Q: 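Below is one structure. I have some questions about it.
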Amino acid sequence: MTMLPGGYMGKILQVDLTTRRSRTEPLDRTLAEQYWGGHGFGIRLFYDLVDPAVDPLAPENPLIFAVGPFVGTPIPLSGRHSVVAKSPLTGIWGEGDVGGKWGMALKAAGYDVLIVTGAADRPVYLWISEDAVAIREAGHLWGLDAFAAEETIRRETHAKAVTGTIGVAGERLLPIAAIVFDGHDARMAGRGGLGAVMGAKRLKGIAAYGRGATPVRDPAALKQSIKAVAGDIVQRTMALKDFGTAGGVLPSNELGDLPIRNWRGGLWTEGAQRISGQRMTETILKGKYYCGSCIVGCGRVVEVDSPAHGKIAGAGPEYETLAGFGSMVLVDDLEALALANELANRAGIDTISAGNIAGFAFEAFERGLITQADTGGRELRWGDADAMLWLVRALGTGEPEMAHLLAHGVRRAAEALGGGAEAFAVHVKGMEPPFHDPRAFSSLAVGYATSPNGASHWAATHVIEGKVALPELGYPSQVDRFATVGKGILTAKMQDYIGTFHTLRLCRFLIRIGARPVLDWYRHVTGREVDLDELMRVGARMSNLKRVFNVRCGITRKDDTLPPRLLKEPRPEGGAAGYLPDLETMLAEYYDYRGWNADGVPRPETLERLGLGSEVADLPRAEPSGIAAPETRTEAGGRRAP
Ligand code: SF4
């Protein structure tokens, strides 16, 4: 057997819940060198296992968990893991990027990847340690919320076990169901309904614990390299440390980025102040949460004890949750938002989808498409915190019937409601977007439109249009946030660049320090020397393979679009008033840079250049007419003549 690079435990654990058998396979060296880990392992293994026509809730849809070579090392912000499956919300590729400590526990138990296939005939949970892999009965856990299930599993396994669980939403197969990792610390695989995939397998939880050490090729050099940049990391992430992601509420409002009243408003200054990270720090904040190996600690720990909302102690709301249950429905009660966060975490639902659904439902109520007959007499009025909390509870259980429909996402809800509801259903490919507005940062338009799992911020980033420079990628200073030309290329580059963070399992907030330390760490951990071009090639390989899978699911250019509200209705006031993104121009540039044809299908030569030649036969053969010959380019971004 050829030797693996450093950084890997060398084992893939496969568990078939139908037969209740598990087995271990060696990690392939080529897989490690070409895909690195995390999302990269996820797409390669998933692609090879799955028929694109598979029903996302069928036993044949595998649920894959993967870590990367940095997990378990002292590298800062490196303890994350990936979860992938076909998404029940969108029907295409689904992925989750998860913080916390579960990934470190899986790796310490001896595994780089866990693949769960099949479905149990009754509820079970999985217990993974260095000594054994056990499939245990979980009938007594079915019906418990995600936190209570985690507490019980930890009691029954090991006091230091780290667990991922589903709540009632996952059990009931609601397509906005999340997987909740690390118990009350609530680190979520939120997007795309991966909790429902777990529920369909009748898998209530996965606990992991071990003491295995990640092999590092040059520990002394790694230590030195980390020491050299640790201060810089702390310095560049100070605002995150002080106010968490919630610190973004105020600047987002000023820039015209914060979504207001189901993406219709322009400014919400007093409300934004009341729900801001700064206000949280002054009122309900009790501490900070650090994912494994993190030195920043952007997570919030809050405590509320109020007559209106009772007692809450634990994970506090992030920016996305504050926007979703706050500005989207004009609720400015911070304690109510902390409770909404707790309810969503316990039920195990994605607060980004749920926040968009809340905005959609309140507007549908305003327009008479949802009535009190649908809500058990409840009025859904803007600014009503009790109505928002009622809806969050209802989405978590799928009751009453209207909540069950809404928990299938705004696309399906709008189709069922009719009456023009599609005009205000905000989604891309069935996935509701995170709460940053493409009418405030134009690259988000092409980022959301091309993101492989629907509108997701993991494949769309506007940091280069904000305050971060990346000279290595050709951006020595920030880019005009309203410009059109260059944004297709910027987006493709950033998707590939950040994609490699998702293979190594680094937190994306590390983007601020540039590529050099990441390449140094890769060399010290794995023993392999790679340059920026190779890093970008790994990212591009992953982006293209996800695209091939989605094309085989039926995705074409017509799906790479934005909802009418974000494409045709400008914000009425504030920092982005009057602007609409020119998506078509950016998309054409994006396709051209990627080496995809005008239908958004990767060209054969593009796939061959990335070592994906054997996937060419999987694609439709017709090449649309009138398409210019592709240019060749370096992976770091510069164009070369063919
Ligand atoms: S910066 Fe925040 S999200 Fe990133 S690893 Fe640290 S605590 Fe987790």
Side-chain angles (χ1 to χ4, degrees), residues 37-39 67-83 95-107 162 164 178-191 214 226 229-249 277 280-281 285-302 314-323 341 345 350-352 434-436 456-458 461 463 466-468 497-514 517-518 521:
H39 283 31
V67 294
F70 290 2
V71 175
T73 72
I75 293 171
L77 287 70
S78 70
R80 302 176 72 85
H81 69 276
S82 303
V83 188
E95 62 188 19
D97 170 39
V98 193
K101 301 177 175 75
W102 186 89
M104 294 171 73
L106 178 73
K107 196 161 181 187
V162 189
I179 307 172
V180 184
F181 290 90
D182 296 56
H184 288 256
D185 294 328
R187 302 292 112 182
M188 314 290 273
R191 314 269 24 228
T214 299
I226 292 168
V229 293
D232 193 29
I233 294 170
V234 171
Q235 190 61 35
R236 287 173 191 255
T237 52
M238 203 59 87
L240 272 173
K241 192 181 196 71
D242 290 343
F243 303 116
T245 56
V249 171
M280 196 188 306
T281 300
L285 188 75
K286 284 291 168 266
K288 292 168 187 157
Y289 173 80
Y290 295 75
C291 296
S293 88
C294 183
I295 56 174
V296 176
C298 78
R300 305 289 93 178
V301 179
V302 299
E318 305 268 353
Y319 168 85
E320 298 291 347
T321 308
L322 293 166
N341 185 57
N345 290 345
D350 171 26
T351 59
I352 297 178
F435 298 116
H436 293 288
S456 163
H457 49 340
W458 300 123
T461 179
V463 289
K467 46 185 180 283
V468 174
Y497 184 65
I498 289 184
T500 61
F501 280 48
H502 293 161
T503 66
L504 299 167
R505 294 315 326 152
L506 285 173
C507 176
R508 70 195 248 131
F509 292 137
L510 261 190
I511 194 176
R512 293 160 167 80
I513 64 166
V518 176
W521 295 339

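None of the values given here were measured: they were computed from a predicted structure. Remember, it's 1-based here, ligands and their atoms both numbered in the order they're listed.
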Q: I'd like to know if the side chain of Thr281 reaches the main chain of Phe243, judged simply by a donor and an acceptor atom lying under 3.5 Å from each other, with no hydrogens or angles considered.
A: no
Q: What is the total of protein N/O/S atoms that are closer to atom 6 (Fe) of ligand 1 than 2.8 Å?
A: 1
Q: Are any of the side-chain nitrogens in Arg191 or Asp350 under 4.0 Å away from the carboxylate oxygens of its partner?
A: yes
Q: Evaluate the ring planes of Tyr319 and His436, with Trp represented by its six-membered ring, and classify them as parallel (under 30°), tilted (30 to 60°) or perpendicular (over 60°).
A: parallel
Q: With distance as the sole test, does Glu320 use its side chain to make a donor-acceptor pair with the main-chain N or O of Phe435 at under 3.5 Å?
A: yes
Q: What pair of heavy atoms forms the shortest contact from Met280 to Ala246, and how long is it?
A: CE-CB, 3.8 Å
Q: With heavy-atom distances below 4.0 Å as the criterion, list the atoms of ligand 1 near Tyr289.
A: 7 (S)
Q: Please tell me whether His184 and Tyr289 form a close aromatic pair, meaning their ring centres lie under 6.0 Å apart.
A: no
Q: Using a 4.0 Å cutoff against the non-hydrogen atoms of Arg80, which atoms of ligand 1 qualify?
A: 3 (S), 8 (Fe)
Q: Between Thr73 and Thr214, do the side chains contain a donor N or O and an acceptor N or O under 3.5 Å apart?
A: no
Q: Can you find a non-hydrogen atom of Arg508 under 4.0 Å from ligand 1?
A: no
